[in-house]
Amino acid sequence: MNIGVVVFPGSNCDHDCRHVFQDVLGQAVTMVWHKETSLVGLDAVILPGGFSYGDYLRTGAIARFSPVMQAVKQFAAGGGLVLGICNGFQILLEAGLLSGAMLRNKSLHFICRETYVKVENAATPFTSLCKSGQVLKIPIAHADGNYYTDPVTLAGLQANAQIIFRYCRADGKVTPEACPNGSLDNIAGIRNAAGNVLGMMPHPERCAEAALGNEDGRLILASMVEGVKKAKHAEVVV
Amino acid sequence: MKAKIHVTLKQGILDPQGKAIEHALDSLGFKNTANVRVGKYVELDLNQTDKAKAEVEVKSMCEKLLANTIIEEYRYELG
């Protein structure tokens, strides 16, 4: 299995992602510079966190024009698994691979702390190792994570079980107080209609090994590895 | 031709920066201020003499890049 981690100018969680997939989950990882135009040979793609292009204009607004994003679009259209974390989520929104937009956090602060998120849908290639309703402790680190979309799109996300993670209390209750950034409907992560593209603000790669005192994030990244294995197996059977 | 473009959050969308500035103005004693909205200003030169064509171009720039029309609206002056 070969996991691609895209590197934009200003990405800063790319090596954390590489470390987890390679050293913790034992998978081959290819770092993909943003000028690449092909993702051939890769089984899944990660858009990591950071401050691509200095967050100029809007977060993710310039990164979406990187040559690699055309390849990411094709990869996603072909059913490949794409995970955008934090700035990666913002890029997926700006690129139109996920619906909605990010506003500045309601408090205006850059928030860097642990949050609890509830797994709202465990029947996805990103959450298959989680239980439905499971509460994960995963840190956030962002200034623009206040998810917004129009009421029709929101209703669609809700109806199609596209909201994968919602901010909650430690006991799993989804309350307005548990939402760190003002996000609509406590949204912490959504997927596309086809189900193969996920964007999330919390950083699973920062809590994926025992040495860090928290392995909750590993469930998400290991689910992805399982998802790719299943897809490969299905190809062989066909 | 010069284009002067203003991009602001749509009415009805909470503007936390605007709110913070509103509170700051209030504590400075400017008690008559309300509905502070913060936006971006982009100025650019267009190699175009036809105003109608320039307008089409600027509109397209706004829709495709300068504004995120899910959350922002834009207006522009050409001259």
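Protein chains get the first letters and strands the later ones, always in sequence-line order, with residue 1 at the start of each.
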Closest non-hydrogen atom pair between A/Leu92 and A/Gly199, with its separation: CD1-CA, 4.3 Å
Heavy-atom pair with the smallest gap, counting every atom of A/Cys17 and A/Ile46: SG-CG2, 3.9 Å
Side-chain donor or acceptor of A/Ser66 paired with backbone N/O of A/Met69 under 3.5 Å: no
Best-contacting candidate, A/Leu103, A/Thr149, A/Asn105, A/Thr153, against chain B by heavy atom pairs under 4.5 angstrom: A/Leu103
Contacts of B/Tyr41 that satisfy ring pair (Phe, Tyr, Trp, His ring centres under 6.0 Å) - sequence neighbours left out: B/His6
Shortest non-hydrogen separation from A/His142 to A/Cys86 and the atoms involved: CB-SG, 4.0 Å
Contact residues of residues 154-173 of chain A (partner chain B; heavy-atom separation under 4.5 angstrom): none
Side-chain donor/acceptor pairs under 3.5 Å, residues 5-15 of chain A, sequence neighbours excluded:
from    : atom 1 : to     : atom 2 : distance (Å)
A/Ser11 : OG     : A/Phe8 : N      : 2.9
A/Ser11 : OG     : A/Phe8 : O      : 3.3

Salt bridge (charged side-chain N to carboxylate O under 4.0 Å, His left out) contacts in which one or both residues fall within residues 62-77 of chain B, not counting sequence neighbours: A/Arg58-B/Glu72, B/Lys40-B/Glu72
Most chain A-contacting option - heavy-atom pairs closer than 4.5 Å, from B/Ile13, B/Val42, B/Asp15: B/Ile13
